[in-house]
Amino acid sequence: MRRFGVLALTGTGSVDAAATARTSAEGAAVRDLRGRGAHGPQWLGFTEGDIVVVSGLPGGGKSTLIKRAAQDGGIDSQDVRERWERRMPRALPYAVYRPLVRFDHYWGLWRTLRSGASAVVHDCGTQTWVRSLLAATARRRGRALHLLLLDTSPQEALAGQAARGRGVSAYAFARHRGAVARLLRDAESGRLPAGCTSAVLLDRGSAARVSRIAFRRP
């Protein structure tokens, strides 16, 4: 049986031996790059056709990482929201057209998944059904689902929300904190969401170091 894995690569393309994975009893590989800062890898490499889901707190840097490192900017609901905001009257509350934004986002996600292309997907952490869908798609392809998990403090995330001029309610933020905290605890113990083959844990410093998420032929 083929084994799927994630490679942490340096800017020169050589395997970063210091980022050796810890493998759980279930066979899930977890690479913890937190605290690496300027010594962390610049590239994260995966197998062509794999799916990478990026999770973390709102304002924690998911969209920034995806736009910088993913080919074609990845699949990010924030991009869809911004497109709709440019079309709508400024006085119209987002809640009014939010269902249209979500439909547009998931329609684009479905088209990409159906194409069989590699994908980097934004995940807020609370939508477990999205990760289940991605896992099922990867399984049908004979490929793997990988988790990039950003570990940022609530203070860092709130500062990120303020910097982009858009926040979430206290209730929503609390839900996100709980969901992401569970993902982190499980990943640190080698337990990943159902269908995930590997996880990479990043803090703000190591995430800022990543300039490319690459997909290579098996």
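Hydrogens, waters and symmetry mates play no part in the numbers below; they use all other heavy atoms, side chains included.
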query = Could you give the distance from NE2 (His122) to OG (Ser77), rounded to the nearest 0.5 Å?
reply = 5.0 Å
inquiry  = Looking at every non-hydrogen atom in both residues, tell me the closest pair between Gly61 and Arg204 and how far apart they are.
reply    = N-NH1, 4.4 Å
Arg216 NZ/CZ over Phe46 ring centroid, <6.0 Å and within 45° of normal = no
remark   = Interatomic distance, CZ@Arg31 vs OG@Ser206, rounded to 0.5 Å, equals 14.0 Å
message = Show the nearest heavy-atom pair for residues Leu183 and Pro193, with the distance to one decimal.
response = CD2-CG, 3.6 Å
inquiry  = With heavy-atom distances below 4.5 Å as the criterion, would you say the side chains of Arg164 and Pro58 are in contact?
reply    = yes
query = Would you call Ile213 and Trp43 a side-chain contact if the rule is heavy atoms closer than 4.5 Å?
reply = no
inquiry  = Against the six-membered ring of Trp84, is Arg87 placed for a cation-pi contact (under 6.0 Å from the centre, within 45° of the normal)?
reply    = yes
message = Any side-chain to backbone donor/acceptor pair from Ser189 onto Arg191? Under 3.5 Å, distance only.
response = no
key: Ring geometry between Tyr94 and Tyr97 (parallel below 30°, tilted from 30 to 60°, perpendicular above 60°)   = perpendicular
task = Taking the six-membered ring for Trp and the single ring otherwise, decide whether the centroids of Tyr106 and Trp129 are under 6.0 Å apart.
result = yes
inquiry  = Rounded at 0.5 Å granularity, tell me how far NE2 in His105 sits from CZ in Arg98.
reply    = 14.0 Å
ask   = Arg209 versus Leu202: any side-chain heavy-atom pair under 4.5 Å?
value = no
remark   = dist Thr128:OG1 -> Asp123:CG (nearest 0.5 Å) comes out at 9.0 Å
query = Between His176 and Leu57, is any pair of side-chain heavy atoms under 4.5 Å apart?
reply = yes
request  = Can you measure from CG (Asp151) to CG (Leu201) and round to the nearest 0.5 angstrom?
outcome  = 7.5 Å
query = Taking C-beta and beyond as the side chain, do Val121 and Leu109 meet within less than 4.5 Å on heavy atoms?
reply = yes
Test applied, side-chain contact (heavy atoms from CB on, under 4.5 Å); reference residue, Val53; option that passes from Leu148, Leu149, Leu134 = Leu134
key: Residue pair Ala144 / Asp50: nearest heavy atoms and the distance that separates them   = N-OD1, 3.0 Å
ask   = With sequence neighbours left out, what residues match Gln71 under side-chain hydrogen bond (donor to acceptor under 3.5 Å, both in side chains)?
value = none
task = Over all heavy atoms of both residues, which pair between Gly74 and Ile66 is shortest? Give the atoms and the distance, please.
result = CA-CG2, 3.8 Å
Cluster overlap Leu100 with Val96, hydrophobic side-chain contacts below 4.5 Å = yes
Side-chain ion pair, Arg34 and Glu188, N-O less than 4.0 Å = yes
message = Could you check whether Asp76 pairs with Lys67 (Lys NZ or Arg NE/NH1/NH2 to Asp/Glu carboxylate O, under 4.0 Å)?
response = no
message = Using the side-chain contact (heavy atoms from CB on, under 4.5 Å) criterion, which residues pair with Arg141? Sequence neighbours excluded.
response = Ile51, Leu113, Thr137, Arg143
query = Can you tell me how far CG of Leu44 sits from CZ of Phe215, rounded to the nearest 0.5 angstrom?
reply = 10.0 Å
task = Go through the steps to decide whether Ile75 and Val120 satisfy the test side chain to side chain contact (heavy atoms under 4.5 Å, CB included), and finish with yes or no.
result = CA-CA 6 Å; Ile75 303 172; Val120 179; over 6 Å; no
task = State, with a plain yes or no, whether a side-chain heavy atom of Cys196 is found less than 4.5 Å away from one of His146.
result = no
ask   = Charged N to carboxylate O below 4.0 Å: is that the case for Asp203 and Arg36?
value = no
inquiry  = Could you walk me through whether Leu184 and Val180 satisfy the side chain to side chain contact (heavy atoms under 4.5 Å, CB included) test, starting with their C-alpha distance in whole Å, then the side-chain angles of each, then the deciding distance to 0.1 Å, before giving a yes or no?
reply    = CA-CA 6 Å; Leu184 281 167; Val180 173; 4.1 Å; yes
query = Under 3.5 Å, is there a donor-acceptor pair between the side chain of Glu156 and the main chain of Ser153?
reply = yes
Audit row: Arg212, Gln42, side chain to side chain contact (heavy atoms under 4.5 Å, CB included) steps and yes/no = CA-CA 7 Å; Arg212 185 179 178 189; Gln42 291 180 293; over 6 Å; no
task = Keeping the roles fixed (side chain from Lys62, backbone from Val54), state whether a donor-acceptor pair exists under 3.5 Å.
result = no
inquiry  = Are the side chains of Val30 and Ser198 in contact, using a 4.5 Å heavy-atom criterion?
reply    = no
inquiry  = Looking at every non-hydrogen atom in both residues, tell me the closest pair between Ala135 and Gly195 and how far apart they are.
reply    = CB-CA, 3.8 Å
inquiry  = Assigning hydrophobic clusters by single linkage (Ile, Leu, Val, Met, Phe, Trp, Tyr; side-chain heavy-atom cutoff under 4.5 Å), is Leu133 placed with Val80?
reply    = no
request  = Flag the pair Val200 / Leu147 as yes when at least one side-chain heavy-atom distance between them is below 4.5 Å, and no otherwise.
outcome  = no
note = Note: Ser118 and Gly49 closest approach over all heavy atoms is OG-N, 2.7 Å
